[in-house]
Amino acid sequence: MPKRSDYITWDEYFMGVAILAAQRSKDPNTQVGACIVSQDNKILSIGYNGMPLGCSDDEFAWGRDVEHDNKYFYIVHSELNAILNYRGGSLEGSKIYVTLFPCNECAKAIIQSGIREVIYWQDKYKDTPEVIASKRMLRTAGVQITEYIPTGRTVNISV
Ligand SMILES: Nc1nc(=O)n([C@H]2C[C@H](O)[C@@H](COP(=O)(O)O)O2)cc1CO
Ligand SMILES: [Zn+2]
């Protein structure tokens, strides 16, 4: 009997894991997921955007516009969470799959942690200074930037 031929690709698998992680986010506006993968295709860490440990999802602000109290003061981005969630040692040479292009702050963390490739899906903030600065830093630091091209495959998960 031949082997199965309709299995998902590595890229679909890792971006799929990032998409699934994003589903954990409590952010009412934008849910982001990230999956860090070793050179030999082993998942090292996963993250999504959320409040820091011990900071209650029910007590901290989720709004965007209130000048003195809004989510941007508090939220840890998915990419930084994935980096910080890794307790196994070095991320040197790894790649990160992320559902939204990393901001400048996450780009710094990506570069400093030794991640060598960013595979991104959406880029809805591409015209903002943060993302322009992010791309400049990543390129200058030699981090490969790869756009994920959706394959259109639907994966059903019943939970
Ligand atoms: N790459 C990213 N990773 C992230 O985890 N985020 C998070 C921060 C916020 O929780 C949310 C963006 O909220 P909004 O400005 O679209 O309402 O996504 C944002 C970006 C964008 O650069
Ligand atoms: Zn960020």
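Basis for what follows: all heavy atoms, side chains included, without hydrogens, waters or symmetry-related copies.
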Step through the shown structure and confirm whether more than 12 heavy atoms of other residues, nucleotides or ligands are within 6.0 Å of OH on Y86.
-> yes
Could you tell me whether Q112 atom CD has more than 12 heavy atoms of other residues or ligands within 6.0 Å of it?
-> no
Pair D123 + K135, salt bridge at N-O below 4.0 Å = yes
How long is the gap from [atom1] on [X] to [atom2] on [Y], to the nearest 0.5 Å?
{"X": "Q23", "Y": "Q31", "atom1": "CD", "atom2": "CD", "value": "7.0 Å"}
{"X": "M15", "Y": "I119", "atom1": "CE", "atom2": "CD1", "value": "7.0 Å"}
{"X": "E79", "Y": "E105", "atom1": "CD", "atom2": "CD", "value": "11.5 Å"}

Heavy atoms only: give me the nearest [X]-[Y] pair and the separation to one decimal.
{"X": "G47", "Y": "A21", "answer": "O-CB, 3.8 Å"}
{"X": "R153", "Y": "Y7", "answer": "NH2-O, 3.3 Å"}
{"X": "A61", "Y": "M51", "answer": "O-CE, 3.3 Å"}

Any chain of hydrophobic side-chain contacts (each under 4.5 Å) joining [X] to [Y]?
{"X": "L80", "Y": "F73", "value": "no"}
{"X": "V17", "Y": "I157", "value": "yes"}
{"X": "I8", "Y": "V37", "value": "yes"}
{"X": "Y13", "Y": "I19", "value": "yes"}
{"X": "I115", "Y": "I145", "value": "yes"}

Taking the six-membered ring for Trp, are W10 and F14 parallel (under 30°), tilted (30 to 60°) or perpendicular (over 60°)?
-> parallel
Can you check whether [Y]'s main-chain N or O pairs, donor with acceptor, with [X]'s side chain at less than 3.5 Å?
{"X": "R87", "Y": "L84", "answer": "yes"}
{"X": "S45", "Y": "I36", "answer": "no"}
{"X": "N70", "Y": "D65", "answer": "no"}
{"X": "K124", "Y": "Q122", "answer": "no"}
{"X": "S25", "Y": "A22", "answer": "no"}
{"X": "E59", "Y": "C55", "answer": "no"}

Donor-acceptor pair between S94 and Q39 side chains, under 3.5 angstrom = no
Assess the side chains of K108 and S134: does a donor N or O sit below 3.5 Å from an acceptor N or O?
-> no
Less than 4.5 Å apart, any side-chain heavy atom of [X] and any of [Y]?
{"X": "F60", "Y": "K26", "value": "no"}
{"X": "N29", "Y": "R64", "value": "yes"}
{"X": "K95", "Y": "V118", "value": "no"}
{"X": "R136", "Y": "L138", "value": "no"}
{"X": "Y120", "Y": "E147", "value": "yes"}
{"X": "V76", "Y": "N49", "value": "no"}
{"X": "D57", "Y": "W62", "value": "yes"}

Ignoring hydrogens and angles, write down the donor-acceptor pairs under 3.5 Å from the side chains of residues 97-104, residues two or more places apart or on other chains.
| from | atom 1 | to | atom 2 | distance (Å) |
| --- | --- | --- | --- | --- |
| Y97 | OH | D11 | OD1 | 2.6 |
| T99 | OG1 | G33 | N | 3.0 |

In I96, I83, L91, the residue satisfying side-chain contact (heavy atoms from CB on, under 4.5 Å) with L44 is L91
